[in-house]
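Below, chain A is the first sequence line, B the second, and so on; all start at residue 1. Keep in mind it's a predicted model, so treat the numbers as computed, not measured.
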Amino acid sequence: MIYLDNAATTRPNEHALERANAFLHDTFYNPSALYRGGVSAHAELEAARSELLGYIGDPSRFSLLFTSGGTEGDNQALFFARRGNVVTTAGEHAAVYESATELKNRGVEPRFAPVERDGRVNEEALLSLVDSSTALVSVVHVNNETGAVNDISSLARAVKRKNPRTLFHSDGVQAFGKLPFRLPPDVDLYTVSAHKIGGLKGTGALIKRKELALRPLLFGGGQEGGLRSGTENMFGIEVFRYAAEETFASLEKNSVHLRGLRERLFSRLEGTLTRISPEDGSPYILTVSAEGMRGEVLQRMLWDRGVVAGTGSACSSKHRFSRVLTACGYPERVLDGVLRLSFSPETGEEEIDRAAEAILAAVQEYKERV
Amino acid sequence: MESVVIVRYAEIHLKGKNRGYFERLFSVNLERALRGIRHELHRTSGRYLVEKFDEARADEIERKISRVFGVYSCSRGWLVPNDLGSIYEAAKRIAPSFGTFKVETHRADKKYPLTSMEVSAEIGGRLLSENRQLRVDVHEPENRVYIDVRENGTALVFGSFYEGAGGMPVGSSGTGLLMISGGIDSPVAGYMMAKRGLHVELLHFHSYPYTNEGAKEKVVTLSKILSEYSLTARLRTVSVTHIQEEIHKKCAEELNVTLLRRFMFRIAEKIATEIGAKCLVTGESLGQVASQTLEGLTSSGDVVRLPVLRPLIGFDKEEIIARAKKIGTFETSVLPFEDCCTVFLPEHPAIKPSLSFIEEEESKLDVESLVEEALGTVEVIPL
């Protein structure tokens with residue numbers, strides 16, 4: 001199988017699994033325990049924390065708490081808003097979008113800024129929604145459906161200029177380990193997840209500005225400085241740590257490699273498929289549309305041809321179109337045929353060529369059959 | 001003292017000379033329902049007793065038994081020697097810890113030294129003297145303790161009746177083939193025919209890659225739930241992908257569904273004949289969707305000779321949903337996997353297609369070879 005759905009999840013990194021293995025066997029101790037085994041587990045936990053944070057944030061300015069993944073981090077950030085309004089975008093992942101919608105039931109007004117054709121937020125429109133009662137602004141770093149990159153640093157700066165008390169959050173799940181990025185001082189909260197870079201599902205982190213008095217979603221034993229109770233997922237955290245170590249060591253190299261592959265793939269598909277992903281977007285995502293066809297059907301035809309692809313549409317009559325791509329303003333015939341092809345640093349040229357062949361063949365098959 | 005489940009049966013004893021046949025079928029069905037669970041099943045006068053089972057599985061046994069068609073009611077109780085001391089020990093377990101109660105005794109053993117009234121009075125009296133929080137109310141008791149003194153030196157003591165599924169033993173009315181989709185209606189239709197004694201075989205049509213594997217999984221789950229009642233052992237699936245593609249390419253769009261249904265009926269009839277099913281069963285309800293108008297029903301029924309049973313024909317959607325909830329299929333039926341891709345859904349399906357128009361459009365297709373091809377895709381999934 002040629003796996004091109006890495007934006008959904010990646011294959012767990014074998015080296016990281018091996019290195020973390022000890023935490024399943026010899027040193028399985030609870031990091032809160034006060035005997036030597038527990039204390040050393042705790043030390044490992046803190047080392048993982050500081051390493052992971054160190055890749056993108058200044059540890060004197062930011063701290064990192066481990067979570068169960070992107071959704072939890074986004075929820076904890078969004079629900080920190082208690083009054084006024086929250087400004088976010090029409091291009092958010094459901095974890096932010098649905099949390100913002102839920103805020104309405106809790107007395108906070110959600111405001112959604114429109115997105116451009118490629119999925120990037122319209123900066124002017126976003127800023128016009130920010131006012132003196134805006135508690136929080138949340139903008140996805142890399143749009144998970146198109147790969148478009150929002151300029152988080154400049155957006156955060158502009159928001160703070162308009163209202164210095166407004167908090168700025170970004171969902172960085174598709175950006176962490178993939179884009180060269182350091183957290184600027186204007187960002188207050190940043191969500192990351194392990195399983196998009198070779199870690200395990202069920203592991204993630206929320207990075208926050210140190211002095212920010214965040215509120216917990218989960219109460220209990222007071223782990224993670226009281227902000228996230230629950231015995232730490234040591235194995236998952238260690239895999240995250242080692243997977244990130246590899247990813248960040250070759251971040252630049254991966255970017256160049258994948259940008260080349262992405263363009264190589266698109267050049268094969270050009271003329272048959274419509275490009276949705278912008279060229280200056282994440283090198284990890286190429287979203288295209290087989291206009292007038294059904295992405296979900298193509299996806300299954302591709303599976304049968306040995307290629308695993310993502311999609312942005314469904315055969316179902318209820319949720320037929322992607323909310324995000326609809327917001328980008330595409331017509332129905334484009335929305336119907338969406339395929340999201342997403343890569344990992346392991347994806348090779350030969351795989352890309354074979355995938356391109358399979359995609360073209362599937363499109364041809366579809367045309368003949370329907 | 002032994003834990004038992006008492007099973008009482010319903011319509012069977014009305015069936016005169018066929019009674020022996022019905023009873024045999026009924027006990028076979030009880031055994032099938034309890035397959036995989038250690039137990040012994042004994043028939044006594046007018047009822048069955050499930051004995052020698054693991055107490056931890058008693059609830060499961062009761063649930064499975066209550067779903068067997070032909071069961072009128074069942075009760076969890078105790079089988080004890082018929083002396084008053086043993087009966088009293090069991091009655092203590094059944095009696096409530098406070099509130100009102102009444103003891104009712106039935107005596108099959110007419111040589112028993114006490115009359116039914118005397119047994120009730122004696123056991124009721126002992127329960128009262130032991131527990132001051134209890135009171136007797138012979139008219140509207142909150143709880144009842146039933147004692148059944150049997151002829152073989154034993155007695156059954158039980159407290160409540162668990163309503164059974166009613167109906168007739170599955171298989172007593174022959175075999176039918178249910179066309180099951182992932183929707184709400186067809187499992188209910190299958191349930192209703194099984195209740196009337198029909199052995200229900202299952203057939204599902206899919207159109208991979210236009211429908212997904214999730215839709216098929218959903219039908220397997222529904223079939224498993226239905227099979228707790230219908231005791232069906234397998235699900236058959238057939239691909240109608242190529243048929244849908246051909247219809248889509250060659251025929252008038254508004255007839256897409258009508259024509260597909262005619263194919264489904266033809267395929268179903270062939271399979272029914274092969275497996276000895278004597279009727280087709282569908283979940284259709286008059287007027288529910290475009291293909292279920294009188295014209296729609298006629299056009300699909302027209303292509304087969306077997307009778308088509310549509311037990312939901314006069315039901316409102318709400319009534320069907322209420323039944324689906326009771327049977328336990330509703331929650332699965334509403335999972336978001338559709339069994340028809342929007343690729344093939346016409347924007348404006350024909351509501352009252354004329355037979356001549358249908359036949360004219362259908363003549364553009366090689367019906368026979370498409371049916372044959374579809375029959376080559378049959379898969380059998382054990383439940």
Side-chain angles (χ1 to χ4, degrees), chain A residues 1-2 4-5 8-9 94 98 289-323 325-326 330-340 355 358-370, chain B residues 181-184 205-219 237 239-253 256-257 259-260 263 288-291 332-349 364-366 370 373-374 377 379:
Chain A
M1 279 292 185
I2 300 174
L4 297 185
D5 198 16
T9 192
E98 296 299 329
S289 170
E291 292 192 34
M293 301 179 204
R294 290 290 192 286
E296 193 189 329
V297 176
L298 280 173
Q299 183 187 45
R300 289 193 282 272
M301 288 177 168
L302 282 171
W303 175 274
D304 293 340
R305 289 172 181 275
V307 175
V308 188
T311 176
S313 79
C315 268
S316 137
S317 46
K318 279 173 204 141
H319 305 286
R320 180 159 151 196
F321 304 122
S322 139
R323 166 180 53 77
L325 295 175
T326 305
Y330 287 101
E332 288 191 1
R333 48 180 290 108
V334 174
L335 295 174
D336 260 336
V338 170
L339 283 178
R340 182 183 67 180
I359 293 166
L360 293 174
V363 167
Q364 189 56 35
E365 180 192 342
Y366 187 104
K367 280 185 186 156
E368 281 163 16
R369 290 175 69 172
V370 177
Chain B
S181 71
I184 298 166
F205 297 100
H206 68 86
S207 50
Y208 185 86
Y210 303 100
T211 54
N212 68 31
E213 308 273 278
K216 201 160 158 186
E217 275 311 299
K218 176 175 157 183
V219 174
T237 66
S239 164
V240 287
T241 305
H242 193 210
I243 295 172
Q244 277 197 297
E245 287 169 351
E246 285 288 295
I247 295 173
H248 180 70
K249 264 189 241 170
K250 296 182 179 161
C251 306
E253 193 199 3
N256 270 3
V257 179
L259 292 173
L260 177 63
F263 274 96
Q288 195 186 91
V289 292
S291 62
T332 306
S333 288
V334 295
L335 290 175
F337 299 108
E338 304 205 359
D339 40 28
C340 187
C341 177
T342 44
V343 171
F344 299 117
L345 282 184
E347 284 211 9
H348 302 289
K364 297 172 181 170
L365 305 167
D366 184 349
L370 283 170
E373 186 193 324
T377 68
E379 274 180 71

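If you measure heavy-atom distances from A:Glu368 to chain B, the contacts under 4.5 Å come from the backbone alone.
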Start with the C-alpha gap between A:Gln299 and B:Asn212, add the side-chain angles, then the distance that decides, and say whether side-chain contact (heavy atoms from CB on, under 4.5 Å) holds.
CA-CA 10 Å; A:Gln299 183 187 45; B:Asn212 68 31; over 6 Å; no
Checking B:Glu213 against A:Trp303 for the side-chain contact (heavy atoms from CB on, under 4.5 Å) test, could you report, in this order, the C-alpha distance in whole Å, the side-chain angles of both residues, the deciding distance, and whether it holds?
CA-CA 12 Å; B:Glu213 308 273 278; A:Trp303 175 274; over 6 Å; no
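The two residues B:Pro209 and A:Arg300 have their closest heavy-atom pair at O-NE, 2.6 Å. Of all heavy-atom pairs spanning A:Arg369 and B:Lys249, the tightest one is O-CE, 3.1 Å.
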